[in-house]
Amino acid sequence: TEESFEMSELSKVIGTYLRSLSEEKRNVFVWRYYFCEPIKEISERRGISEAKIKSMLHRIRAGLKEHLEKEGFAV
């Protein structure tokens with residue numbers, strides 16, 4: 001049950017972080033890491049270069065890592 005509680009808390013913290021992002025960044029993150037969409041498809045869908053998508057994802061991951069560490073999660 002402790003593991004279940006920790007997973008629940010982790011989900012809440014990730015959700016809070018994702019809600020703090022712009023809609024575009026949140027959608028790109030979800031399409032890539034929840035729906036496992038290739039960067040090329042996300043790029044075509046959004047009309048943004050693949051390089052910009054990669055850069056955006058890198059920054060989002062870095063921000064998420066920082067947010068998780070502030071909330072006490074070891075990354």
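Start at 1 with the first residue, then count along the sequence.
Partners of Glu50 under the side-chain contact (heavy atoms from CB on, under 4.5 Å) rule, at least two apart in sequence or in another chain, are Ile39, Lys40, Ser43. Legend: residues meeting ring pair (Phe, Tyr, Trp, His ring centres under 6.0 Å) with Tyr33, ordered by chain and number and at least two apart, are Phe29. With sequence neighbours excluded, the residues that form a side-chain hydrogen bond (donor to acceptor under 3.5 Å, both in side chains) with Lys70 are Glu66. Scored by the side-chain hydrogen bond (donor to acceptor under 3.5 Å, both in side chains) test, Ser20 finds no partners at all (sequence neighbours excluded). Legend: residues meeting side-chain hydrogen bond (donor to acceptor under 3.5 Å, both in side chains) with Glu37, ordered by chain and number and at least two apart, are Arg45.
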Show every donor-acceptor pair shorter than 3.5 Å between a side-chain atom in residues 6-17 and any protein atom, with sequence neighbours excluded, or say none if there are none.
residue	atom	partner	partner atom	Å
Ser11	OG	Met7	O	3.0
Thr16	OG1	Lys12	O	2.9
Tyr17	OH	Ile60	O	3.0
Tyr17	OH	Leu64	N	3.4

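Screening residues 21-34 for salt bridge (Lys or Arg N to Asp or Glu O under 4.0 Å), with sequence neighbours left out, gives Glu24-Arg46.
Interatomic distance, CD1 of Ile42 versus NZ of Lys54, reported as 11.5 Å (0.5 Å rounding). Separating the CZ atom in Arg59 from the CG atom in Leu21 is a distance of 13.0 Å, to the nearest 0.5 Å. Between Ile53 atom CD1 and Glu44 atom CD the span is 11.0 Å, to the nearest 0.5 Å.
The cluster map of Ile, Leu, Val, Met, Phe, Trp and Tyr, joined by side-chain heavy atoms under 4.5 Å apart, puts Tyr34 and Leu68 in the same cluster. Each of Phe5 and Phe73 belongs to its own hydrophobic cluster when Ile, Leu, Val, Met, Phe, Trp and Tyr are linked at side-chain heavy-atom distances under 4.5 angstrom.
Proximity of Lys65 to Arg61: side-chain heavy atoms (C-beta onward) are nowhere separated by under 4.5 Å.
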